[in-house]
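Let me begin by presenting the structure, written as structure tokens, before commenting on it.
Throughout, residue positions are numbered sequentially from 1 according to the sequence presented. First listed ligand is number 1; within each ligand, the first listed atom is number 1.
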Amino acid sequence: MCNSSGGPSGSVPGAYAALNRPDAGARGWPPAPEPLPVPVMDNHTHLDFPADAGVVPAAQALDAAAAVGVRGAVQVGTDLESSRRTVELVEQEPRLLGAVAIHPNDAPDLAVAGTLEAALAEIEQLARHPRVRAVGETGLDYFRTGPEGLERQQYSFRRHIDIAKRTGTALQIHDRDAHQDVVRILREEGAPEKVVFHCFSGDAELARTCNDSGWYMSFAGTVTFRNAAYLREALAVADPSLMLVETDAPFLTPHPWRGRPNASYLVPATVRSMAAELDRDLAALCTDLAANTERVYGTW
Ligand SMILES: [Zn+2]
Ligand SMILES: [Zn+2]
């Protein structure tokens, strides 16, 4: 059964409409999609990153998400400041769990400054918070970091893998143009029990590797992009018990709103696109996504 209908049906949620600049036009916050029949969670979002003139308070962002069947989210830190903020947010908001890390694009600078070890020690401490359930986003980014930073980036990734194992949390991986080295380092270090490729960007071959290794693939708005046939081939191969969905908001807004700001209330657009691509019943896919999410992070 195919459920590809369900485009924009609602208006822009109030807290977002208030942020839309009067001249935003077709560049502003998108309207709310039709609600999902079974609630899911946004596996990776940055509620503290400003987009289009501001930050929507977490409670309002999660209200807008809940109204369309997105009942929770994983708030992700990328440096010490946003990881500390992540802990504050998960303490305030029961619909949030947290992930903390030093982003691969930031790690080399900290290493050069001599502050990486102290930062990693604090990340480990933050990762022990009961509502922080993942270490991430960590990994490798060969798109933004040049050859001079790769060794330091790989070192930081190895340290984050170790922190995830010692704190018993999931590992959320940022992998940009670095599939082979990500897989190699995971194997060399020994992967934590739960590994998530956030914003999965691999092809069918990487999806098969993830299937074989029991690693989760979190699909973002990129899977809806017209020029991303390789992601849809990966989706078709991915084991349904290893699929997750995320926004990476405020980035990577799904089709047909690509280029506008993103938020958790837009997850239904990505899930519908996945159901259509997989020719799966929408409610059954949502049920799988929610169960997979709680298997990785525990209950909210
Ligand atoms: Zn990322
Ligand atoms: Zn991210």
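- Taking a 4.5 Å side-chain heavy-atom cut-off between Ile, Leu, Val, Met, Phe, Trp and Tyr, the cluster of Val112 contains only that residue.
- Screening Asn292, Asp248, Thr293 against Asn43 for a side chain to side chain donor-acceptor pair (under 3.5 Å) leaves a single residue, Thr293.
- Legend: protein N/O/S atoms lying under 2.8 Å from the Zn ion (ligand 1), waters omitted, number 3.
- Between Asp162 and Lys165 there is no salt bridge, since no side-chain nitrogen of the basic residue lies less than 4.0 Å from a carboxylate oxygen of the acidic one.
- Among pairs with a residue in residues 98-129, those fulfilling ring pair (Phe, Tyr, Trp, His ring centres under 6.0 Å) read His103-His174, at least two apart in sequence or across chains.
- One side chain, Asp79 or Ser82, offers a donor N or O that lies under 3.5 Å from an acceptor on the other.
- For the ring-ring contact (aromatic ring centres under 6.0 Å, His included) test, no residue two or more places apart in sequence or in another chain qualifies with Tyr297.
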